[in-house]
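Since the structure is predicted, the reported quantities are computational estimates derived from the model, not experimental observations. Below, each value reflects all heavy atoms present in this structure, side chains not excepted, and no hydrogens, waters or symmetry copies.
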Amino acid sequence: MKRLLLVTAALAAFTVPLQAVAADKLLNASYDIARELFEAENEAFIKVNPGITIDQSHGGTSKQARAIVEGLEADVVTFNQVTDIEFLVKNGFVSEDWQSEFPNNASPFYSFPSFLVRAGNPKGIKDWDDLARDDVKVIFPNPKTSGNARYTYLAATAYAKEKFAGDEAKVTEFVDKIFDNVPVFDTGGRAATTTFVEREIGDVIITFEAETKSIAKQYGEDNYEQVVPSVSLLAEFPVAIVDKVAEKKGSQDLAKTYLDFLYTPEGQTVAAEFGHRVHDEAVAAKYKDEFPDVRLVTVEDVFGGWSKVSQEHFAEGGILDGIYGSR
């Protein structure tokens, strides 16, 4: 589908304000813990595009995707899981070539599952092994409803595959033990944060590195410590135009310009300030000291791609169902 490109300069160079468009308002359906990030991105976008209104909808991305199919008229999605956009593709809401419409497979920034523990790290949590100990209580949301938690599940599985040299029985036993140590499965990442911080449940929360930074900043860096595991899973944050809605509302050009903005130095700077790792080399270099080195594996390398993961792990009756059970 050909769209009029309103941004004619190279995205990595500078931002060009939006010109005349058919629409002046967008709804962005996003993942649960991205509220503050996109409030800041929207403010930066509107500074160079005055008169534009960006509304937000937040929740677990799987729930968001289903809501769009059921009638939520989101013009764009900024998700944390490829499979939820593929769900929209299968239902005719997003074009099949969506990953080629924006750089880096339509992922403007990235992160990975990381740990946040309480001050002093009283349980001495350093890596995934510690999450399977009998004396450790782990907080992360329900992987049936949260893309954030699915990354946690896959990262723990990837670690176990290395630890046990691919012995699937031992891998499942290891991940099942971590699940046993979760006292409550919230529906989304932000609810899990509330459980850990405000209800003071659990010894460690597993969430995106960006969220661990946000929690420490908001609730006091003296109260928490960030722990980066020895290995984790690359978490991309895919974006897409919801073509079926945008065509109906005449917002295609505005939607394209908005998502393009996330790749500009301005948009990348906002993302970095909110704890995300970015692709813009100059911005990444500026914030390099704030991001420790970590070895990241990918869904493609460990699991054979998102399509295979969806069939083997996340489909009804799949491996995740066997581990999650009736929890």
Side-chain angles (χ1 to χ4, degrees), residues 3-19 21 23-58 61 64 74-82 85 94 98-112 147 208-211 213-214 217 234-242 246 251-288 290-291:
R3 297 186 179 91
L4 178 63
L5 296 181
L6 298 174
V7 180
T8 56
L11 290 176
F14 55 90
T15 303
V16 178
L18 187 68
Q19 304 299 319
V21 293
D24 61 3
K25 186 175 182 179
L26 290 178
L27 174 59
N28 174 17
S30 193
Y31 55 100
D32 192 44
I33 61 175
R35 291 174 177 84
E36 294 79 11
L37 167 64
F38 281 101
E39 285 176 0
E41 292 283 13
N42 295 347
E43 182 179 355
F45 178 78
I46 291 170
K47 280 184 179 179
V48 292
N49 297 287
I52 300 300
T53 300
I54 311 293
D55 292 327
Q56 292 291 132
S57 173
H58 292 279
T61 56
Q64 291 284 68
D75 306 87
V76 299
V77 291
T78 53
F79 281 175
N80 59 22
Q81 191 173 229
V82 168
I85 297 185
V94 171
W98 65 274
Q99 282 188 304
S100 67
E101 295 181 357
F102 299 95
N104 304 312
N105 290 322
S107 177
F109 42 82
Y110 65 99
S111 193
F112 57 89
F208 294 127
E209 179 192 42
E211 178 73 350
K213 290 176 176 292
S214 175
K217 183 182 295 184
L234 173 68
E236 297 178 299
F237 294 82
V239 302
I241 298 170
V242 185
S251 59
Q252 300 100 315
D253 295 334
L254 178 57
K256 178 72 164 63
T257 303
Y258 176 70
L259 295 182
D260 280 341
F261 176 79
L262 301 178
Y263 290 88
T264 66
E266 295 92 337
Q268 294 275 281
T269 296
V270 170
E273 288 176 347
F274 278 80
H276 292 82
R277 301 189 182 216
V278 299
H279 298 287
D280 184 281
E281 293 182 0
V283 177
K286 179 180 177 181
Y287 290 89
K288 184 178 186 300
E290 298 184 20
F291 297 96

Verify salt bridge (charged side-chain N to carboxylate O under 4.0 Å, His left out) between E290 and K213, making sure each step is shown before the conclusion.
CA-CA 10 Å; E290 298 184 20; K213 290 176 176 292; 5.4 Å; no
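- A donor-acceptor contact shorter than 3.5 Å links the side chain of Q64 to the backbone of S30.
- In this structure, the separation between OG1 on T269 and CZ on F274 is 12.0 Å, given to the nearest 0.5 Å.
- Side-chain contact, Q56 with N42: a donor N or O sits under 3.5 Å from an acceptor N or O.
- Separating the OG atom in S57 from the CZ atom in R35 is a distance of 9.0 Å, to the nearest 0.5 Å.
- For H279 and Y263, the ring centers sit 6.0 Å or farther from each other.
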Which is it for D75 and Y258 under the side-chain contact (heavy atoms from CB on, under 4.5 Å) test, yes or no, and what are the steps along the way?
CA-CA 10 Å; D75 306 87; Y258 176 70; over 6 Å; no
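- A salt bridge is defined here as a Lys NZ or Arg NE, NH1 or NH2 lying under 4.0 Å from an Asp or Glu carboxylate O, and E266 with K47 fails to meet this definition.
- Using modelled atom types and a 3.5 Å distance limit, the side chains of E273 and Y287 yield a donor-acceptor pair.
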Would T53 and D24 satisfy side-chain contact (heavy atoms from CB on, under 4.5 Å), going step by step from the backbone distance to the final call?
CA-CA 6 Å; T53 300; D24 61 3; over 6 Å; no
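- Taking each heavy atom of V270 and A44 in turn, the nearest pair found is CG2-CB, 4.2 Å.
- Atom CD in E41 sits 9.5 Å away from atom OG1 in T78 (nearest 0.5 Å).
- Using a 4.5 Å heavy-atom cutoff, the side chains of F45 and D260 are not in contact.
- Checked by atom type and distance alone, the side chain of Q268 pairs as donor or acceptor with a backbone atom of P108 at under 3.5 Å.
- In this structure, L254 CG and L259 CG are separated by 9.5 Å, a value rounded to the nearest 0.5 Å.
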Would you please test I52 and L26 for side-chain contact (heavy atoms from CB on, under 4.5 Å) and show each step?
CA-CA 8 Å; I52 300 300; L26 290 178; 5.6 Å; no
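- Using bins of under 30°, 30° to 60° and over 60° for the plane-to-plane angle, the ring pair Y31/F38 lands in the perpendicular bin.
- Of the candidates F291, F208, F112, F237, F237 is the only one forming a ring-ring contact (aromatic ring centres under 6.0 Å, His included) with H276.
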Please evaluate residues F102 and I241 with respect to the criterion side-chain contact (heavy atoms from CB on, under 4.5 Å), reporting the C-alpha separation (whole Å), side-chain torsions for both, the decisive distance (0.1 Å), and the verdict.
CA-CA 10 Å; F102 299 95; I241 298 170; 4.2 Å; yes
